[in-house]
Amino acid sequence: MQASPQSDRLHITVFGCKNSGKSSLINALTGQSTALVSDEPGTTTEPVYQPFHLDRVGPVVLVDTSGIDDEGDQGSFRVHKTKQVLDETDLGIVIFSQENECFKLEKEWYRELVGRNIPVIGVITKVDERYVDIDPLEMELNIPIVKISAKKKMNIGSLKDAIRVFAPVEFERASIVGDLVKPGDTVVLVTPETIPAPKYRLVASQQQILRDLLDHHAMVLFVTDAELPGLLAKLNGRPDLVITDSQVFDKVNAVVPASVPLTTYAILMARFKGDLERFIDGAKAIETLKPGDKVLLSEACIQHPHNGEIDRVLVQQKLHEAAGGQLEITTNVGPDFPDNVGDYKLIVHCGGCIFNRKQLMMRLLRSNEQGVPITNYGISFAYFHGILPRVVDVLQAEQR
Ligand SMILES: Nc1nc2c(ncn2[C@@H]2O[C@H](COP(=O)(O)OP(=O)(O)OP(=O)(O)O)[C@@H](O)[C@H]2O)c(=O)[nH]1
Ligand SMILES: [Mg+2]
């Protein structure tokens, strides 16, 4: 099976009260019994991600969650974890048990999903042991309701059909570089001499871009910045595209002829996952910063696998320099993102390689609603080096 990185898969999350049959529903969809099921309420205690290939939809991740009615200190922590999953959900399945207290919560979560423009499918499960008329609920909520029995495998096909129909269309996005290369194009990839990844590995974005280039039948040459001049001298003709790590941009920029399109991994990933135009606009806000202004650095990884620390320190230093004095910089790490970002003059986000597009877009949405410019590390580095116009030119040329 072709493995898609988890972050690129459509995220389908199942929400519902304890014991409502969430884990059983996931097992019924996958035809496996990987999700833990028991008649003890509170079996699933944290989000569980199950990659799966759904026919005619493609690679998805089914996300199992703990009960939305969980209580106590532990319980409210678990509900908080489930709330975080909302940020990465592309399609929500809400189980309507319609039982007393639960029904209120089920409707609350349904409303939260709708409010975030996330398509929702309502499910009534355990219909092998009870009869439920779905018409009133469908009328009240105005969403598709599917009746299933996970235990007896009833109507699972209808649930899959509903997922196919309601899966967000924008999810079928273009590839990372497919619009930039033609079959047979020569593409040079450049990485710093000290490769910022564990031995025998590549950085996630480099690996994804390399694979995408091969899928589009480009001819790829991969070198460190030290070998680049030698490679260019050997090449019979000019490359059609050069993609480099932002950290060695200056060196690369100096040896790649101006007529050759040149861009960075970070810029390509920002275009793929986020909103390049907004990130570029955000970078322009750097020049308006004044000493004492509040800036939020937001990072996805709690533990930096590679060179994240270096990126953070560098970006802070450059921001202070740009402002001409000390800024008040706060760093926010992990899946939590502040609700209120209105006090910040600028948000600088990491590349977000472990986030899916939805998670990153939610942050863009929040900063946009509160009128705060947002950019990312890769794009601000390009800005600091004064090379932003060159590295985005190739992408904007494609759009013209
Ligand atoms: N009769 C019947 N029982 C079901 C069905 N689906 C789940 N159950 C039972 O309901 C109980 C809870 O199922 P789970 O799938 O563990 O429910 P859950 O929502 O994941 O529960 P927590 O993880 O504890 O929140 C188990 O005893 C299941 O066997 C169904 O379609 N029909
Ligand atoms: Mg469960």
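Numbering of ligands and ligand atoms starts at 1, following listing order. Here the structure is a predicted model, which means the values were calculated and not measured. Positions are given from 1, in the same order as the sequence printed here.
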Original post:
Pairs in or reaching into residues 14-38: which pass ring-ring contact (aromatic ring centres under 6.0 Å, His included), with residues at least two apart or in two chains?
Top reply: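 The answer is F15-W109.
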
Subject >> ring-ring contact (aromatic ring centres under 6.0 Å, His included) contacts in which one or both residues fall within residues 79-108, not counting sequence neighbours >> reply: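 For residues 79-108, and leaving out neighbouring residues, there are no ring-ring contact (aromatic ring centres under 6.0 Å, His included) pairs at all.
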
Specify the protein heavy atom at minimum distance from [atom]: its residue, its atom name, and the distance to 0.1 Å.
| atom | answer |
| --- | --- |
| atom 13 (O) of ligand 1 | S24 OG, 3.6 Å |
| atom 28 (C) of ligand 1 | V37 CG1, 3.7 Å |
| atom 26 (C) of ligand 1 | S38 O, 3.4 Å |
| atom 19 (O) of ligand 1 | K22 NZ, 2.7 Å |
| atom 21 (O) of ligand 1 | N19 N, 3.0 Å |
| atom 17 (O) of ligand 1 | G21 N, 3.1 Å |
| atom 1 (N) of ligand 1 | D128 OD2, 2.9 Å |

Subject >> Approximate separation, where rounding is to 0.5 Å, of D133 CG and K147 NZ >> reply: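 Nearest 0.5 Å value for the CG-NZ distance: 7.0 Å.
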
Original post:
Does L388 share a hydrophobic cluster with V256, counting links as ILVMFWY side-chain heavy atoms below 4.5 Å and allowing steps through other members?
Top reply: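 Yes, L388 connects to V256 through the hydrophobic network.
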
Original post:
Does any N/O atom on K151 come nearer than 3.5 Å to any N/O atom on ligand 1?
Top reply: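 Between K151 and ligand 1 (N or O atoms, distance only) the closest approach is under 3.5 Å.
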
Original post:
So, is D64 polar-close to ligand 1, with some N/O to N/O distance under 3.5 Å?
Top reply: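 No: no nitrogen or oxygen of D64 is under 3.5 Å from one in ligand 1.
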
**OP:** State the count of protein N/O/S atoms located less than 2.8 Å away from the Mg ion (ligand 2).
**Re:**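 For the Mg ion (ligand 2), protein nitrogen, oxygen or sulfur atoms under 2.8 Å: 2.
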
Only distances under 3.5 Å count here; give the side-chain donor-acceptor pairs of residues 216-231 to other protein atoms, sequence neighbours excluded, each with its distance to 0.1 Å.
unit_1	atom_1	unit_2	atom_2	d
H216	ND1	D212	O	2.8
T224	OG1	A226	N	3.4
T224	OG1	E227	OE1	2.4
D225	OD1	E193	N	2.9
D225	OD2	K251	NZ	2.8

Subject >> Subset of ligand 1 atoms that lie under 4.0 Å from at least one heavy atom of A150 >> reply: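 Ligand 1 atoms under the 4.0 Å threshold to A150: 6 (N), 30 (C), 31 (O).
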
Subject >> Contact check, E40 vs ligand 1, heavy-atom distance below 4.0 Å >> reply: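 Within the 4.0 Å threshold, so yes.
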
